[in-house]
2 protein chains.
Amino acid sequence: MTLDALPSHPGGAENLARLLARALLAGHWQPGDLFPKELDIGRHFVVSRNQVRNALASLTATGLIERTAGRGTLVREMGEWHLLDPLMSEWMTGLVNLDPQLVRAIYAFRFSAEPTVAGLAAQAASAEDIARLEAAFEGMRRSAGNPDARAQHAEYDVAFHDATYRATHNLVWRQMGHLLRPSIMALVHRSQHDIKTLDDSLTRHRHVLEAIKACDAHAAETAAREVLRRTAIDLGIVS
Amino acid sequence: MTLDALPSHPGGAENLARLLARALLAGHWQPGDLFPKELDIGRHFVVSRNQVRNALASLTATGLIERTAGRGTLVREMGEWHLLDPLMSEWMTGLVNLDPQLVRAIYAFRFSAEPTVAGLAAQAASAEDIARLEAAFEGMRRSAGNPDARAQHAEYDVAFHDATYRATHNLVWRQMGHLLRPSIMALVHRSQHDIKTLDDSLTRHRHVLEAIKACDAHAAETAAREVLRRTAIDLGIVS
DNA sequence: CTTGTTAAAATGTCAGACATTTAATAAGCT
DNA sequence: AGCTTATTAAATGTCTGACATTTTAACAAG
């Protein structure tokens, strides 16, 4: 794989990193492949070696590549990627070609973890957390009917789940909220979002909200599981 | 806080990063404080500005600090730290002054997550996973009586839990295994490790192993919870 | 065929100059 | 005095070129 297929004018090491990362996430290179050399990248995008090195340093930090002096830059396999790094989440969101194996892995994680998270949230949520959840739910409800507001609806969806993780009041769980964004954003492109589907999704979210408000951990767990069953259908994991 | 209290001769940007990170993790600076300037750090440790910048780039990537041109380097608060970054785990292991709030947060996470993880492992473990678990358990058993082998015992302990996370065969859960190392290593310094305690811990681990071997998810969940109750006592979280 | 040497290529490091951003300070006006 | 505007200093960001180190491959000697 060469650089020719990639858009140009990155403008800044961050953008260059995002560009290269997305190409990697989309599978433009196979694990074990040699990544282009610093100087080639610099020539192609017309940026200094500094910018290239900074961008590649980010990719190294997230486990996407591995660099050794003299040999060059190797592409690492998916199992080595730091999926929980916030940078990764940012790079994954909006990527349409995300590896289905990865989508399923993230979904499987959520399906096993999120009921527990919802249960913890029911025990620990403060008034502020409840307010955040209600605001997000209200946003979802408002943008549900409008077919032009799919992206906005997804944002509120992300906000709802993120608020759930935050409501656990646990530093570690809270960080995992980042992983939700790419997972939920993938829904925008894969599901048809007809009225019936959205209404069903909304109802299931409402049950989670109510269970958390009622401080009923068991009900929250069950309700979260129901939300994720809906998500599985929308992601095409189960029919 | 100045740099005077820190040991010198880091030798390489990685070591310098570890050094500074540990000072941050130990609370030598308060959130919102100004971190030393690049040139001062370089002078103090007798390293080039490049090394300093590389080290600080790592600290930035893990959310420990925040840098802006003109203003300087600010220390971020604990809630912003990327606790799931493998680098963080490496920096945290062996740190004796780890913030008690952080230790409790990590423990609370494990207490809520690890039963689920053990349950998943019971469903998905392969023969290879079982072998890893048995090898780790055997190592724990062998090093249990010997008071000189506390560090080795802890390594096997880490290996056991890491094997559990790996046995879920889920990319996301697997990454969280990194978080175990600092949590378990903290035990070495905090508990007395008398024979009775170790024997009890060993028995509880054995129950997890047997439940996973029997593919009994529910039993694995319960057994994992029991292991963590023992851990809570050893960490001094409950008496 | 093996071994040791050499050469090329790639990443890592350094040093210096310069650019940009920010904050504090001073000047000047109403 | 009070407010606005230049000026200056300090800090991080960037660029460039040269050099160091590591690895691989080619090649020659035994």
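Chain letters run A, B, ... following the sequence lines, proteins first, then strands; residues in each count from 1.
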- When you match A/Gly70 and B/Thr73 each to their closest nucleotide on DNA chain D, which lands nearer the 5' end? B/Thr73
- Item | Carboxylate-amine/guanidinium contact A/Glu128 A/Arg132, below 4.0 Å | yes
- Message: Whole angstroms only, please: what is the CG-P distance between B/Asn54 and C/dC14?
- Response: 9 Å
- Task: Start with the C-alpha gap between B/Glu155 and B/Arg181, add the side-chain angles, then the distance that decides, and say whether salt bridge (charged side-chain N to carboxylate O under 4.0 Å, His left out) holds.
- Result: CA-CA 8 Å; B/Glu155 279 298 341; B/Arg181 184 169 295 275; 3.1 Å; yes
- Task: Could you state the atom-to-atom distance from CG of B/Leu74 to C1' of C/dT21 in whole Å?
- Result: 14 Å
- Query: Side-chain N or O of B/Gln51 less than 4.0 angstrom from OP1 or OP2 on C/dC14?
  - Reply: yes
- Looking just at side-chain N and O atoms, do B/Asp234 and B/Thr231 make a donor-acceptor pair shorter than 3.5 Å? no
- Task: Answer yes if the side chains of B/Tyr165 and B/Glu114 hold a donor-acceptor pair under 3.5 Å, and no otherwise.
- Result: yes
- Note on the structure: When rounded to whole Å, the CZ to P distance for the pair A/Arg71 and C/dG12 reads 12 Å
- Here the distance between atom P of D/dC15 and atom CZ of A/Arg43, to the nearest Å, is 17 Å
- Message: Between C1' on D/dA11 and CD on B/Glu66, what's the gap in Å once rounded to a whole number?
- Response: 15 Å
- Message: I need the CG-P distance between A/Leu39 and C/dG12, as an integer number of Å.
- Response: 12 Å
- Query: Going by the angle between their ring planes, with limits at 30° and 60°, are A/Phe35 and A/Trp29 parallel, tilted or perpendicular?
  - Reply: tilted
- When rounded to whole Å, the CD to C1' distance for the pair B/Glu38 and D/dT14 reads 12 Å
- Given D/dT14, C/dC14, C/dG12, the nucleotide with the shortest approach to the side chain of B/Arg53: D/dT14
- Query: Separation of A/Glu14 atom CD from D/dT14 atom C1', in whole Å?
  - Reply: 14 Å
- Query: Checking only heavy atoms, does the side chain of B/Arg49 share a donor-acceptor pair with the base of C/dG16 at less than 3.5 Å?
  - Reply: no
- Item | Nearest listed nucleotide, side chain of B/Asn50, among D/dT14, C/dC14, D/dT22 | C/dC14
- Would you say D/dG13 has OP1 or OP2 under 4.0 Å from some side-chain N or O of B/Arg67? yes
- Query: Can you tell me if the side-chain N/O atoms of B/Thr68 get under 4.0 Å from OP1 or OP2 in D/dA11?
  - Reply: no
- Note on the structure: Of D/dT16, C/dA15, C/dG12, the nucleotide closest to the side chain of B/Ser48 is C/dA15
